[in-house]
Amino acid sequence: MNRETSAMLFARAKKLMPGGVSSPVRAFKSVGGDPVFIKKANGSYIWDEDDNRYIDYVGSWGPAILGHCHSEVLGAVVEVAQNGFSFGAPTRNESKLAEKIIEALPAMEMIRFVSSGTEACMSAIRLARGYTKRDYIVKFTGNYHGHGDMLLAKAGSGVATFGLPDSPGVPKGAVEHTLCCPYNDIKAIEELFRKYPEQIAAVILEPIVGNAGFIRPGAEFLPNLRELTTQSGALLIMDEVMTGFRAAWGGVQVNLNIKPDLTTLGKVIGGGMPLAAYGGRSDIMQLIAPSGPVYQAGTLSGNPLATACGLKTLELLQKSGNYQSLANLCKKLMNGFNGLAEKYRIPFISDWEGGMFGFFFCDSPIKRYEDTNNMNIEIFRRFHRGMLDKGFYFAPSAYEAGFVSLAHSMQDIQATIDAADEVFQELADSL
Ligand code: PLP
């Protein structure tokens, strides 16, 4: 596969931008080789600058749940764009989108729009601290909640990829009140609550971890966490930036019938435009300025193009059967890979929920980030390059979940499994 133009563009970008990219994992550092520069996308496909076509399992890291460039979404965006791109004033569509989201998430009584998942999580933490008048927060190792200073402790995603437990530039004071715990370990959190009585403002978590591969909560983990936080007066914040409207309509909390105090959303609710949100109990949300004293603002928050894109995306997504279709695609893909791993005796485990999936080249269960030490990253790298060269675009990191869209067909999935058959065979031959 010729990728000369991508290579040339990457060389130029590296002189202009750190690592040649606007976000670290895009640089392909953890899989090796140069990143692919994307020219256009449609449905389940993306094309690079050398006109190579790939079946896309990244979907812009989650938002593209209908597939790329859906004609009705495009139409909605073009229509509002003709009336102006941004006003910095309230609009009708903000309330329409708010209603749609609130209708889907019983725990979300009020919502505030922001522009990124990072902002949503930072703001939810500030609000939780303002509400409880406590300082400590608890997060789980390998859970990623964006790059806000106080949350950049033992995060997953690009931070895990590069093996940076914390980042230089984050002052000690910023993480001094961040307590980290292994995922799926309720005893460890109980211990923290004993150690810091009435000092913990909130526990924040991904209800399915998608930033350390794919890690599912144990059956009792979330109910226990709900009970524990309620008893101790701490807020439970579910970060559904990735899982919201992706793993299920609304989010994982809807499927599991657990009501967090606050929820953060992003990715799918903006349909590919910069839009995210936080929301929850109205007595807590009323503390946000201008109703209350907790300050948070944004020039582009609730941007008209983004709200139009998100609203049309959710309207189309709401049709019944869509999440079953997404799950069927993931199931076929993961079962296909499982079969190949068995055939070629390669250690492999996989899982999925709705339209997100994950796999590890590993033969022991992964229940927390610490267990990912057992996976074989070298095999993942070779798998990634092998698939890329055959026209299949998977996330360039072993620590990221994968995504399908409603535009993916069963033929796309079968073609992926057929290509993976050759790649798995090459992997087996080299072991
Ligand atoms: N929270 C989760 C669970 C995420 O997966 C991400 C991004 O991947 C974020 C927060 C941060 O969102 P953003 O990249 O929009 O700032």
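Predicted model, so just to flag it, every value in this text is computed and none were measured. Remember, it's 1-based here, ligands and their atoms both numbered in the order they're listed. Basis for what follows: all heavy atoms, side chains included, without hydrogens, waters or symmetry-related copies.
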May I ask you to list the atoms of ligand 1 that are less than 4.0 angstrom from any heavy atom of [X]?
X: N211; value: 2 (C), 3 (C), 4 (C), 5 (O)
X: S116; value: 15 (O), 16 (O)
X: G117; value: 11 (C), 12 (O), 13 (P), 15 (O), 16 (O)
X: D239; value: 1 (N), 2 (C), 3 (C), 10 (C)
X: H145; value: 1 (N), 10 (C)
X: E206; value: 3 (C)
X: M242; value: 5 (O)
X: G146; value: 9 (C), 10 (C), 11 (C)

- Message: For Y196 and Y136, take the angle between the two ring planes, folded into 0 to 90°, and tell me which bin it lands in: parallel under 30, tilted 30 to 60, perpendicular over 60.
- Response: tilted

- Heavy-atom gap K267 to ligand 1 smaller than 4.0 Å: yes

- Item | Sub-4.0 Å heavy-atom approach of W61 to ligand 1 | no

Can you check whether [X] reaches [Y] side chain to side chain, under 4.5 Å on heavy atoms?
X: F245; Y: T313; answer: no
X: P304; Y: F87; answer: yes
X: T416; Y: L333; answer: yes
X: Y393; Y: I55; answer: no

- Thinking salt bridges, do K187 and E190 make one under a 4.0 Å N-O criterion? no

- Task: For atom 11 (C) of ligand 1, state which one of V114, N143, T118 supplies the nearest heavy atom.
- Result: T118

- Could you list the residues that satisfy side-chain contact (heavy atoms from CB on, under 4.5 Å) with D283, not counting sequence neighbours? Y131, R281

- Query: Quick one: salt bridge (Lys or Arg N to Asp or Glu O under 4.0 Å) pairs with a partner in residues 202-230, sequence neighbours left out?
  - Reply: R216-D351, R216-E353, R226-D261

